[in-house]
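Here's the structure we're looking at; comments come further down.
Please read all numbers here as calculations on a predicted model, not as lab measurements.
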Amino acid sequence: MTFKKLVGKLHLWLGLSSGLVVFIVALTGCIYVFQKELFDVLHQDLVRVEAPAQAQPLPLSAVWAKAQEALGPDKPLQNGTTYADPTRAWTFMTYKGNAGEPYFGNMIEYHRTVYVNPYTGQVNGVLDNKYEFFQVVKWLHWGLWLGTAGEYIVGWSTLIFVFLLLSGLVLWWPKNKAARKQRFTVKWNATRKRLNYDLHNTVGFYLTLVALIIALTGLTWSFNWMKQGITYLATGQTELAGGRGGKGGKGSKEGAKPDLPLAVQLAPPPTATDAALRDAWQRLPQAKAISTGKPTPEQPITLRAALGNSRYQSGQLTYSAAGQFEKVETYHEKPKGELLVMMNYDIHVGSVLGLPGKIIAFLASLLIATLPVTGFYIWWGKRHKQATKHRPASAGTVEHRRMVRPMRPAYANSPASAEA
């Protein structure tokens with residue numbers, strides 16, 4: 001067996017074994033690319049408020065208390081986010097779950113987001129994130145709703161997909177100059193089988209680079225060795241301080257700290273946090289949003305600022321428990337290698353290039369989803385053709401009649417027989 005035939009066999013059977021998972025992951029990734037923009041349009045009643053003229057928002061602690069009151073005493077809030085946009089509601093989130101469990105099993109006990117008008121303290125609504133459309137799509141993308149088992153399946157299927165991209169390039173490579181032109185174009189007026197074949201090969205070729213980037217950045221969440229390897233190549237270390245560069249919440253929401261009394265968990269942040277937040281907005285006026293976890297007395301206050309449309313464009317401000325400023329760090333000050341690792345999520349979803357990058361990621365994911373489909377039909381067409389080729393002729397066919405027609409004896413055409 002030649003090398004190319006061996007690659008073809010591996011490409012076929014590995015593609016068939018992982019095709020359904022690749023199709024689901026690519027299609028859900030395509031849907032999720034514009035999640036933020038679509039969510040704001042679909043839930044304007046939650047995310048938008050009317051900003052009074054020259055009105056100042058209430059202190060964070062007061063708005064936090066209103067959000068906690070809407071949730072009740074059994075779901076302590078864990079973080080809150082304030083926005084530069086005066087027409088945007090402040091958001092407060094709580095989560096409790098069991099990592100590794102199936103999504104529609106016991107993985108999420110509760111996951112709520114409260115939207116509050118920062119000027120009046122009125123609650124716009126409480127969203128149950130577990131059943132919100134884009135959250136359901138996200139967990140299907142990450143783990144097929146199967147918890148840890150699904151994450152392994154997605155990880156290995158993505159790794160196989162990387163091999164399929166590289167082996168597909170080997171199979172696509174033209175044998176000679178005459179075949180080269182054919183490899184770059186689709187013959188739209190060809191038969192259905194030929195059109196499907198051209199779409200699989202040509203689309204796969206043009207997608208190879210973008211698809212590899214999407215797949216390799218996704219593998220950092222499936223395999224720790226992949227994440228550590230890329231981090232080491234970029235920074236010379238296997239881990240970044242703070243563990244940045246992740247998916248932004250996958251498996252990291254642990255709920256309220258169990259060692260804190262419930263009364264402390266339910267209490268609003270100390271008033272020192274209000275002063276720290278006001279100072280943070282003055283220090284980083286370009287910020288789009290500033291968020292905080294649940295500060296408690298005698299703990300330093302840490303605020304995170306979103307400084308752009310990409311997740312890596314962030315900053316962190318640290319204050320003492322009394323609200324006195326200590327330091328600020330932004331992504332501008334990060335070494336290039338560390339910044340590259342922080343960009344991993346934004347590269348994966350295309351937001352690192354802004355809107356054009358997200359459009360590229362959307363279209364690439366959509367086209368990636370077609371590859372398992374066109375590949376399956378190539379295999380099915382060949383299988384059907386082989387079955388037809390080896391099928392015995394039926395009794396009613398001309399071929400059968402020719403096969404079963406009795407042979408005349410050799411002497412039938414002899415002169416003697418003619419005289420008789």
Side-chain angles (χ1 to χ4, degrees), residues 35-52 55-97 103 107-139 248-250 252-258 260-271 273-274 276-278 280-281 287-296 301-306:
Q35 172 266 339
K36 184 178 178 182
E37 293 82 358
L38 292 173
F39 182 90
D40 288 355
V41 172
L42 296 173
H43 297 281
Q44 292 192 45
D45 56 326
L46 292 177
V47 302
R48 293 298 167 193
V49 299
E50 186 176 344
Q56 294 297 317
L58 298 170
L60 174 67
S61 56
V63 185
W64 187 297
K66 293 291 185 181
Q68 185 63 73
E69 183 181 339
L71 284 176
D74 59 335
K75 297 178 178 64
L77 288 170
Q78 292 154 37
N79 63 59
T81 303
T82 64
Y83 297 89
D85 184 351
T87 67
R88 192 173 182 92
W90 290 3
T91 57
F92 301 85
M93 191 276 294
T94 182
Y95 176 95
K96 185 178 181 182
Y103 185 76
M107 190 187 83
I108 297 177
E109 293 187 29
Y110 58 78
H111 184 191
R112 305 282 195 278
T113 301
V114 187
Y115 296 81
V116 186
N117 187 322
Y119 306 102
T120 64
Q122 180 180 354
V123 175
N124 284 1
V126 179
L127 181 66
D128 187 347
N129 297 90
K130 181 175 180 178
Y131 300 104
E132 193 271 323
F133 173 75
F134 288 108
Q135 291 294 315
V136 172
V137 168
K138 177 179 70 176
W139 286 104
K250 182 187 174 198
S252 63
K253 302 185 183 76
E254 301 174 354
K257 295 182 180 179
L260 295 176
L262 183 60
V264 175
Q265 295 180 32
L266 295 174
T271 54
T273 307
D274 298 335
L277 183 62
R278 287 193 297 269
W281 278 112
K288 293 179 178 292
I290 297 180
S291 60
T292 178
K294 177 60 182 296
T296 56
I301 300 168
T302 301
L303 305 178
R304 287 187 61 81

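No side-chain heavy atom of Pro118 sits under 4.5 Å from any side-chain heavy atom of Leu58. Within the 4.5 Å cutoff, the side chain of Val123 has heavy atoms near those of the Val114 side chain. Using a 4.5 Å heavy-atom threshold, the side chains of Leu127 and Arg112 count as separate. The closest side-chain heavy-atom distance from Glu132 to His111 is not below 4.5 Å. Taking the side chain as every heavy atom from C-beta outward, Leu38 and Val41 never approach each other to under 4.5 Å. The side-chain heavy atoms of Trp64 and Pro59, taken from C-beta on, include no pair separated by under 4.5 Å. Residues Phe92 and Thr113 are not in side-chain contact: their nearest non-hydrogen atoms beyond the backbone lie 4.5 Å or more apart.
With rounding to the nearest 0.5 angstrom, the CG atom of Leu71 is 14.0 Å from the NZ atom of Lys66. Rounding to the nearest 0.5 Å gives a distance of 10.5 Å between CG of Leu42 and CD of Gln35. From Lys138, atom NZ reaches atom CZ of Phe133 across 13.5 Å, with rounding to the nearest 0.5 Å. The distance from atom OG1 of Thr273 to atom CD1 of Ile301, rounded to the nearest 0.5 Å, is 4.0 Å.
Under a 3.5 Å cut-off, the side chain of Asn79 and the backbone N or O of Ser291 do not form any donor-acceptor pair. A donor-acceptor pair under 3.5 Å links the side-chain atoms of Gln78 to the main chain of Tyr95, judged by distance alone. A donor-acceptor pair under 3.5 Å is formed between the side chain of Lys294 and the backbone N or O of Gln265. Under a 3.5 Å cut-off, the side chain of Gln68 and the backbone N or O of Gly72 do form a donor-acceptor pair.
If you check the side chains of Ser61 and Asp274, you find a donor sitting under 3.5 Å from an acceptor. Using modelled atom types, one finds a donor on one side chain and an acceptor on the other under 3.5 Å when comparing Thr87 with Arg48.
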Exercise for review: Go through the steps for Val63 and Tyr119 under the test side-chain contact (heavy atoms from CB on, under 4.5 Å), then give the verdict.
Suggested key: CA-CA 9 Å; Val63 185; Tyr119 306 102; over 6 Å; no

Exercise for review: Test side-chain contact (heavy atoms from CB on, under 4.5 Å) on Thr292 and Thr302 and set out the steps.
Suggested key: CA-CA 6 Å; Thr292 178; Thr302 301; over 6 Å; no

Review point. Between Thr82 and Leu277, does a side-chain contact (heavy atoms from CB on, under 4.5 Å) hold up when you go through it step by step?
Key: CA-CA 9 Å; Thr82 64; Leu277 183 62; 3.8 Å; yes

Practice item. Give the C-alpha distance, both sets of side-chain angles, the deciding distance and a yes or no for side-chain contact (heavy atoms from CB on, under 4.5 Å) between Met107 and Lys130. Key: CA-CA 10 Å; Met107 190 187 83; Lys130 181 175 180 178; over 6 Å; no

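Separation of the Tyr83 and Trp90 ring centroids does not fall under the 6.0 Å cut-off.
Between Arg88 and Asp40, at least one side-chain nitrogen of the basic residue sits less than 4.0 Å from a carboxylate oxygen of the acidic one, meeting the salt-bridge criterion.
Remark: Lys75 is positioned above the aromatic ring of Tyr110, its terminal NZ or CZ atom under 6.0 angstrom from the ring centre and at most 45 degrees off the axis.
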